[in-house]
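Here the structure comes first, spelled out in structure tokens, and everything after it is commentary.
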Amino acid sequence: MALLAASLLAQEEPATPALVSGTSVEAGAASAATTNGQDVEPPGGNRVFGVLPNYRTADVSQEGTVLTVRQKFNIASKDSFDYPLVLLSGALAGLGQLTGEQPSFGQGLKGYGHRLTANYADQAMGNMLTEGMFPVLLHEDPRYFRRGSGSTISRVGYALTRVFVTHKDSGGARFNYSEWLGNATAVAISNAYYPGQTLADNGTKLLMQVGTDAVSQVLKEFWPDIKRKMFHKASD
């Protein structure tokens, strides 16, 4: 159902090609993508607190630039296969083992390995679908544009609501279908390796996935500020 909806939306909102071969538009678009696109280092660096992948964060000044298909999948791949994600999955697997989640996985090293694999699959698949496949299909921008100014409350509100609002490749904003359809598809696929999940379980998991993304965007919004203060104090 999610893929069908994606195909309908893709037909409904065609994107303007980012590169037009053999014309001056190609050179201009390529230059914009390299200078203003995701090829520049994200605000605050590649990882938040050295753990949370930060590759899809961009400065608000980059709004209006268009990513190519390759750049979208590049962002998704970096977020999905960055080594700290394995460490995060390992921590979640350990917590799940301690609390007895998914008893069918068992205990011991075998149970931990099963939980580690499942948790990593959740994280990686969610990233690839929400930041790569669906943004390409739906012509949406997977980046989080960091505001970096304004009151703390307004910045928190902005960061949290980006799971509902995204930019279209053709310009303007709309509902963030990639976030919701991507995570819904990942949850549906996870039924293959999480036995006995009910519809309610799937709904709860979807909300948790989206909620985690929203909280991570708050961290990404303020991470450069935190990092600056930390290094300033260290130098003092």
Side-chain angles (χ1 to χ4, degrees), residues 1-6 42 45-57 72-138 142 144 159-160 162-164 176-220 223:
M1 290 178 65
L3 290 173
L4 176 60
N46 292 332
R47 301 179 188 92
V48 176
F49 292 108
V51 178
L52 179 66
N54 194 37
Y55 297 100
R56 74 184 185 96
T57 305
K72 290 178 182 181
F73 276 111
N74 187 44
I75 291 172
S77 297
K78 286 181 177 180
D79 268 355
S80 299
F81 303 114
D82 200 23
Y83 74 88
L85 196 63
V86 179
L87 302 178
L88 177 61
S89 299
L92 293 173
L95 180 62
Q97 186 136 332
L98 286 173
T99 57
E101 289 183 4
Q102 293 295 329
S104 62
F105 287 178
Q107 290 293 322
L109 287 177
K110 183 178 179 181
Y112 179 78
H114 199 161
R115 289 181 174 86
L116 172 60
T117 303
N119 273 286
Y120 181 75
D122 287 346
Q123 302 291 328
M125 189 161 47
N127 288 338
M128 289 301 297
L129 291 170
T130 60
E131 299 174 19
M133 191 184 83
F134 277 96
V136 168
L137 286 174
L138 305 178
Y144 168 68
L160 290 174
R162 293 313 93 182
V163 296
F164 299 104
N176 195 342
Y177 291 104
S178 294
E179 173 72 27
W180 290 86
L181 291 176
N183 278 311
T185 303
V187 169
I189 295 173
S190 73
N191 284 300
Y193 52 88
Y194 283 111
Q197 283 194 147
T198 65
L199 184 61
D201 293 332
N202 285 332
T204 300
K205 190 172 183 179
L206 171 60
L207 293 177
M208 288 183 65
Q209 294 272 79
V210 174
T212 298
D213 288 344
V215 172
S216 74
Q217 288 173 175
V218 174
L219 294 175
K220 292 171 181 178
W223 168 238

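Along the sequence shown, residues are numbered consecutively beginning with 1.
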Salt bridge (charged side-chain N to carboxylate O under 4.0 Å, His left out) contacts in which one or both residues fall within residues 178-189, not counting sequence neighbours
none
Give a yes or no on whether the backbone of L206 and the side-chain of N183 come within a donor-acceptor separation of less than 3.5 Å.
no
Under the side-chain contact (heavy atoms from CB on, under 4.5 Å) test, which residues partner L95, sequence neighbours left out?
T99
With sequence neighbours excluded, tell me which residues meet ring-ring contact (aromatic ring centres under 6.0 Å, His included) with F105.
H114, Y194
List for me each residue that meets side-chain contact (heavy atoms from CB on, under 4.5 Å) alongside A214, sequence neighbours excluded, and say none if there are none.
L160, V163
N202 backbone acceptor or donor facing Q197 side chain under 3.5 Å:
no
For R47, give me all partners under side-chain hydrogen bond (donor to acceptor under 3.5 Å, both in side chains), at least two apart in sequence or on another chain.
D82
Partners passing salt bridge (Lys or Arg N to Asp or Glu O under 4.0 Å) against E131 (at least two apart in sequence or in another chain):
R56
Please enumerate all residues that pass side-chain contact (heavy atoms from CB on, under 4.5 Å) together with Q107, with sequence neighbours excluded.
Q97, R115
Contacts of K220 meeting salt bridge (Lys or Arg N to Asp or Glu O under 4.0 Å) (sequence neighbours excluded), chain-then-number -> none
Sorted by chain and residue number, the side-chain contact (heavy atoms from CB on, under 4.5 Å) partners of S77 (sequence neighbours excluded) come out as F81, M128
For F49, check ring-ring contact (aromatic ring centres under 6.0 Å, His included) against everything at least two apart and list the hits.
W223
Residue pairs passing the salt bridge (charged side-chain N to carboxylate O under 4.0 Å, His left out) test with at least one member in residues 191-211, sequence neighbours excluded, are D122-K205
Test ring-ring contact (aromatic ring centres under 6.0 Å, His included) applied to F164 - qualifying residues, sequence neighbours left out:
W180
